[in-house]
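One structure below.
Numbers here are sequence positions counted from 1. Atoms within each ligand, like the ligands themselves, are counted from 1 in listed order. Keep in mind that what you see is a predicted model, and the values were worked out from it rather than measured.
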Amino acid sequence: MSTPESSSQPSLVQQSRDGDILVLTINNPPVNAFSPGVPEGLKAGLDAAAADDSVKAVVIIGGGRTFVAGADIRTFDMPREQSPDLRGTIEKLDAFTKPTVAAIHGTALGGGLELAMGCTYRVAVPGAQVGLPEVKLGVLPGAGGTQRLPRVVGAAKALDMMLSGNPIRATEAGQLGLIDRIIDGDLLAGAVEFAREMADARPLPRISERSVPGATPDVFAAARQGIRKTHRGQLSPSLIVDLAEMAAAVPFQEGWDAEATKFMEAKDSPQSRGLRHIFFAERESAKIPGITKDTPTTEIRSAGIIGAGTMGGGIAMNFLNVGIPVTIVETQQEALDRGLSVIRRNYENTARKGRMSMEDVEARMALLTPTLDMGDLKDADIIIEAVFENMDVKKDIFTRLDGIAKPGAILASNTSTLDVNEIASVTSRPESVIGLHFFSPANVMKLLEIVRAEKTSDTVLATSMALAKRIRKVGVVVGVCDGFVGNRMVHRYGDEARQIVEEGARPEDVDASMNALGLPMGPFQMSDMAGLDIGHAIRQHQAKVAGQPKPDGWLDRIVETGRKGQKTQGGIYDYDETRRPIPNADMQKLIEDYRAEKGITPREITQEESTKRLAYSLVNEGAKILEEGIAQRAGDIDVIYIYGYGFPAYRGGPMQYASEQGLKNVVADLEKYGQTPAPLLKRLAEEGKTFAQYDAEKGRA
Ligand code: 3H9
């Protein structure tokens, strides 16, 4: 291949020539999103190619690490006329009379794949991935994806890709006809060669001129049925199915026009705003003031875990899954054996479902060393204590660890509530101590609260953040306080839920009020699952510390009947074999008797009141946490609630949800229901601001 001669124009799209082929290189790091400047550059390149008879074909390629990763999500809030003209660019490509070839490496996602499908041909390196992930942002492919993808891969596969949002590999895309040639070796050279081969082929095989294979009514009916389960309450998935159905039923232009209208409808919905907020909040949460790429980190080659119970076992699996050897310690052989067999059983279940092979199971188990001797942790790069919540026990373990662990090893506690500063104080190296709060089941839940204690070093913090990523968790840094961010908020939420029942609601109505918001479990379904005795013990402990009488609420009385939740086959609810909660008449009677004894006349509580009181109790506590600096950003709190507590991502998390409702309204409702709004919440409400604005201003300060 001859060397392309670059033009000198400063643009996000560079034009260069390779003989009779014009190469357009998109250079908009980091992911070549379709930002302002990219459409102008591409259109200018196409105009140049059209005007020059010596140009036989055009290749479009991404500079840097990827092809186009989609529309620039940050431009979604721009007025329509200012937003980058992706659709216009693709229209121009579709009408173009010379062959155009998209050369794909990295990821062609969303608008990136739509751009590629607007070209006449697509070539890719084997490692590339292509997909339409718009559903994950609460929108739909809005630049022809809903109309072109079904025409290429058929109705069923297109629906699968657009509704899951998951990308496929180039090799699979090749088999589906979405990629015309896989290029091993130099992509640009291969793409130019392909373009040259196709330079004179006519007619141009435009996707817009094809029909949709496999578009039978049952395919769309099955998709509609499916999204009722997978995307309950969400707008964009059903719009996607409607549009895919249109692709098969109406001329291309009609479907293309309808798609534009539906895209705007979805983009302007609170659901899309919520999902976009989470997209950026998740990435933002990885940034910690004072920690940079240059902050030194240590390499984690081995891990030690103390405690082989449910938590310890789940934590160990995260390390084994990514090939990090684990030494796991217990005090009794029996407990150790039990822990190991649970881990093995979990893996075997996964293998039975076909999601891993038996060789993988054995390979992972082979990385696990069980021991009764804590001294065996002497070489571990990180040691995570996961024993029960008792300060004296934890202090004893950390005192011993201090004498065992090698210098520089990270000493982490999986405490969910206790003071990490106090735990660190018993060691001679508090800078090495950190909290790593995993959520149960620890091998499944994506959240990791990373608790930065007073003396935790930057190296330990940066290493822990990098580790979170490596074990595929979303790590969020929080400060030390009782319950940190997630549990502190959930305790307040639990108090409010019990109060609502005390005033007259039934537990199932309270749960239904949160199910209505999109949470898979309401507060009582959640406490029955976690075990009612845990909350009971915490309340007892807190009362004791505060010198208050023993708590005697209706829920404490349920626990005292011996019903501890799902683990005792019943708690607030009974459970059938499918673990469906069924209201229990005796428990209802216990609640009624309780009210009668306390002289409470039950009143009707609407679902709206219950939802607001519960959601806003989270928000109010969240605002206090923000003000105290326990969380760095409101966005961090949202990320915590989505990944740790099942708050629906399409609501954007509790803080974003509150902003959508208007903080003024939230304050008014809190006051109406007898809660005192946090000063920060009040201030933002008075200033007419949102939590996102608060984060942005704080980030700039
Ligand atoms: C769409 O295309 C709509 C169209 O159908 C219709 C239009 C009319 N925009 O994730 P990373 C930023 S919807 C703006 O850490 P990775 C990201 O915030 C779009 N910014 O890297 C981060 O910034 P920062 C459909 C974006 O290597 C930086 O890039 N496309 C965008 O782990 C690095 O990102 C998608 O949904 C964007 N589209 O993963 C793809 N993408 O450094 C969304 C990324 O300031 N993107 N940024 O924190 C992804 O899935 C991943 O970013 C990707 C790279 C896999 C590409």
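For S464 (side chain) and V460 (main-chain N/O), a donor-acceptor pair under 3.5 Å exists by modelled atom type.
Under the rule for a side-chain contact (heavy atoms from CB on, under 4.5 Å), the partners of R80 that lie at least two apart in sequence or sit in another chain are M264.
Applying the 6.0 Å contact sphere to CZ of R224 captures more than 12 heavy atoms from other residues, nucleotides or ligands.
Side chain to side chain, S269 and R273 fail the donor-acceptor criterion of an N or O pair below 3.5 Å.
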Can you list every pair where an N/O of ligand 1 is under 3.5 Å from an N/O on the protein?
residue  : atom   : partner : partner atom : Å
ligand 1 : 2 (O)  : A71     : N            : 2.9
ligand 1 : 2 (O)  : G111    : N            : 2.8
ligand 1 : 5 (O)  : E114    : OE1          : 2.7
ligand 1 : 5 (O)  : E134    : OE2          : 2.6
ligand 1 : 5 (O)  : G142    : N            : 3.0
ligand 1 : 9 (N)  : I73     : N            : 2.9
ligand 1 : 10 (O) : R283    : NE           : 2.6
ligand 1 : 10 (O) : R283    : NH2          : 3.1
ligand 1 : 27 (O) : R65     : NH1          : 2.7
ligand 1 : 30 (N) : A69     : O            : 2.9
ligand 1 : 38 (N) : A71     : O            : 2.9
ligand 1 : 45 (O) : K287    : NZ           : 3.4
ligand 1 : 48 (O) : K287    : NZ           : 2.9

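Here E209 does not pair with R151 in a salt bridge; the nearest charged N to carboxylate O distance is not below 4.0 Å.
Cation-pi contact between R74 and F280: present, with separation from the ring centre below 6.0 Å and deviation from the ring axis of at most 45°.
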